[in-house]
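Worksheet for the structure shown next.
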2 protein chains.
Amino acid sequence: MYVKKITPSLNCGLDLVGEVLYGKWKIRILWFIHEGNRRPSELQRKIPDVTRRVLNVQLKELQDHEMVTKTIYPVMPPKVEYELTAFGKTLIPLIQSIGLWGDEHQERLRRVILSQNKLSSARPEEAYDVDEPTRALLPF
Amino acid sequence: MYVKKITPSLNCGLDLVGEVLYGKWKIRILWFIHEGNRRPSELQRKIPDVTRRVLNVQLKELQDHEMVTKTIYPVMPPKVEYELTAFGKTLIPLIQSIGLWGDEHQERLRRVILSQNKLSSARPEEAYDVDEPTRALLPF
DNA sequence: AGCAATACGGATAAGTTTGTCCCTATTTGA
DNA sequence: TCAAATAGGGACAAACTTATCCGTATTGCT
């Protein structure tokens with residue numbers, strides 16, 4: 001496991017939140033668990049872009065940060081379930097607000113992100129299909 | 001300037017927010033500008049841990065993302081001021097909520113962050129039991 | 001017998017962000 | 001005259017995160 005060499009600054013609330021929410025997929029992992037996707041394989045189907053390896057790593061960190069619990073059922077084939085802790089649940093309204101803000105401003109955000117020169121050209125454009133109908137009302 | 005090789009996924013609102021808010025100092029930069037610290041030197045005094053170099057880089061990104069504007073006064077010594085755009089201001093309530101959540105839970109957050117083994121050594125003991133009772137059941 | 005599904009993680013590579021070091025310039029004040 | 005304040009940025013190094021590739025194991029279906 002990677003060990004940090006630089007101690008993070010933990011001066012204010014924002015720093016602290018950063019520490020537990022930083023991670024490319026963490027917020028969405030929390031959201032999908034909140035939606036009832038408890039098993040790793042379900043989560044991976046919901047977030048196809050994440051690899052299983054990284055999904056495991058980030059779930060482990062969420063666990064260490066007491067955002068989720070993990071239950072391993074000693075059956076074969078293996079079965080594992082994650083759940084939000086009470087603490088983790090207190091984050092859900094925040095995540096929802098963030099997602100809603102992103103949705104409200106999605107055209108503008110997409111524009112400023114794509115027109116920024118940090119992206120390497122050649123976007124295959126229109127890769128996406130976006131949302132499953134059940135998700136239409138939610139931040140995604 | 002660094003150019004990304006991997007196109008980020010921009011499927012949902014949360015992805016989009018991630019793109020513009022990701023960055024170790026960005027949220028705090030926005031907050032301090034909101035509080036009236038407009039000049040780079042003021043911002044650096046507010047966030048001593050960030051280097052000037054990185055502060056400039058992140059300010060530039062916020063500018064590209066239309067979160068802040070930059071005004072250069074042609075005087076000597078140089079004078080520069082940043083301000084939130086109307087768009088940037090719509091983020092402030094969100095940032096405030098996040099910070100408040102972090103403040104409310106700061107003891108717990110500090111504990112789980114510090115007791116986590118990703119931090120390099122030398123934290124004054126405090127064993128930390130964080131039981132993983134279910135773990136023992138499977139051979140992994 | 002072979003393969004998919006379930007799940008985990010070490011070693012290593014690639015990608016990305018952040019930090020360090022150095023250079024540019026002018027004015028004011030010690 | 002020299003230091004400090006103001007602001008910017010190129011080249012590079014270090015730190016950190018994420019991805020790839022492999023290996024472990026069992027059950028059940030074809």
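Protein chains get the first letters and strands the later ones, always in sequence-line order, with residue 1 at the start of each. Note that these values count all heavy atoms, side chains included, but never hydrogens, waters or copies made by symmetry.
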Send over the distance from A:Gln58 CD to D:dC16 P, rounded to a whole Å. 16 Å

Can you pull out every side chain to side chain donor-acceptor pair (under 3.5 Å) where at least one residue sits in residues 74-84 of chain B? Sequence neighbours excluded, please. B:Tyr73-B:Glu81

Which of residues 36-45 of chain B sit near DNA chain D, with a heavy atom under 4.0 Å from it? B:Arg39, B:Pro40, B:Ser41, B:Arg45

Angle between terminal axes - the helix from C:dA1-D:dT30 to C:dA30-D:dT1, 5 pairs each end, rounded to 10°: 20°

Partner residues of A:Arg111 under the salt bridge (charged side-chain N to carboxylate O under 4.0 Å, His left out) criterion, sequence neighbours left out: B:Glu66

Give a yes/no answer on whether the side chain of B:Lys79 brings an N or O atom under 4.0 Å of OP1 or OP2 in D:dT6. no

From the set C:dT16, C:dC8, D:dA15, return the single nucleotide nearest to any side-chain atom of A:Arg52. C:dC8

Show me the pairs that pass salt bridge (charged side-chain N to carboxylate O under 4.0 Å, His left out) and involve residues 84-104 of chain B, at least two apart or across chains. none

Just compare C:dT18, C:dC8, C:dT16 and give me whichever is closest to any side-chain atom of A:Asn56. C:dC8

Residues joined to B:Tyr22 in its hydrophobic cluster, side chain to side chain under 4.5 Å directly or through other members, sorted by chain and number, are A:Tyr22

Could you give the CD1-to-P distance, from A:Ile29 to D:dT17, as a whole number of Å? 14 Å

Separation of atom NZ in A:Lys5 from atom C1' in D:dA13, rounded to whole Å: 12 Å

Options C:dT16, D:dA15, C:dA7, nucleotide nearest the side-chain atoms of B:Tyr2: C:dT16

To the nearest angstrom, the CG-P distance between B:Asp15 and D:dT18 comes to 13 Å

Send over the distance from B:Leu55 CG to D:dG8 C1', rounded to a whole Å. 12 Å

Applying salt bridge (charged side-chain N to carboxylate O under 4.0 Å, His left out) to B:Glu61 and not counting sequence neighbours gives A:Lys118, B:Lys26

With B for base contact, S for sugar-phosphate-only contact and - for none (protein heavy atoms under 4.0 Å), nucleotides 19-30 of chain C reads BB-----SS---

Could you check if a side-chain atom of A:Arg110 sits within less than 4.5 angstrom of a side-chain atom of B:Leu10, using non-hydrogen atoms only? yes

Enumerate the residue pairs fulfilling salt bridge (charged side-chain N to carboxylate O under 4.0 Å, His left out) with a member in residues 42-55 of chain B, sequence neighbours excluded, ordered by first and then second residue. none

Sequence neighbours left out, what passes side-chain hydrogen bond (donor to acceptor under 3.5 Å, both in side chains) with B:Asp15? Give chain and number order. A:Arg28

OP1 or OP2 of D:dT17 under 4.0 Å from side-chain N/O of A:Lys26: no

Whole angstrom value for the distance that separates C1' of D:dT6 from OH of B:Tyr82: 13 Å

List the residues meeting side-chain hydrogen bond (donor to acceptor under 3.5 Å, both in side chains) with A:His105, not counting sequence neighbours, and say none if there are none. A:Trp101

Could you tell me the separation between the NZ atom of B:Lys60 and the P atom of C:dT17, rounded to a whole number of Å? 14 Å

Specify the separation, in whole Å, of atom CD of B:Glu61 and atom P of D:dG9. 13 Å

DNA chain C nearest-nucleotide lookup for A:Tyr22 and A:Glu81: closer to the 5′ end is A:Glu81

Consider side chain to side chain contact (heavy atoms under 4.5 Å, CB included). Of A:Asn37, A:Leu55, A:Val50, which one does A:Ile29 pass it with? A:Leu55

Walk me through it: do A:Leu21 and B:Ile98 pass the test side chain to side chain contact (heavy atoms under 4.5 Å, CB included)? CA-CA 11 Å; A:Leu21 249 38; B:Ile98 296 171; 5.9 Å; no

Does B:Lys4 make a side-chain N or O approach to OP1 or OP2 of D:dT18 shorter than 4.0 Å? no

If the condition is side chain to side chain contact (heavy atoms under 4.5 Å, CB included), which residues does B:Ser97 pass it with, not counting sequence neighbours? A:Leu94

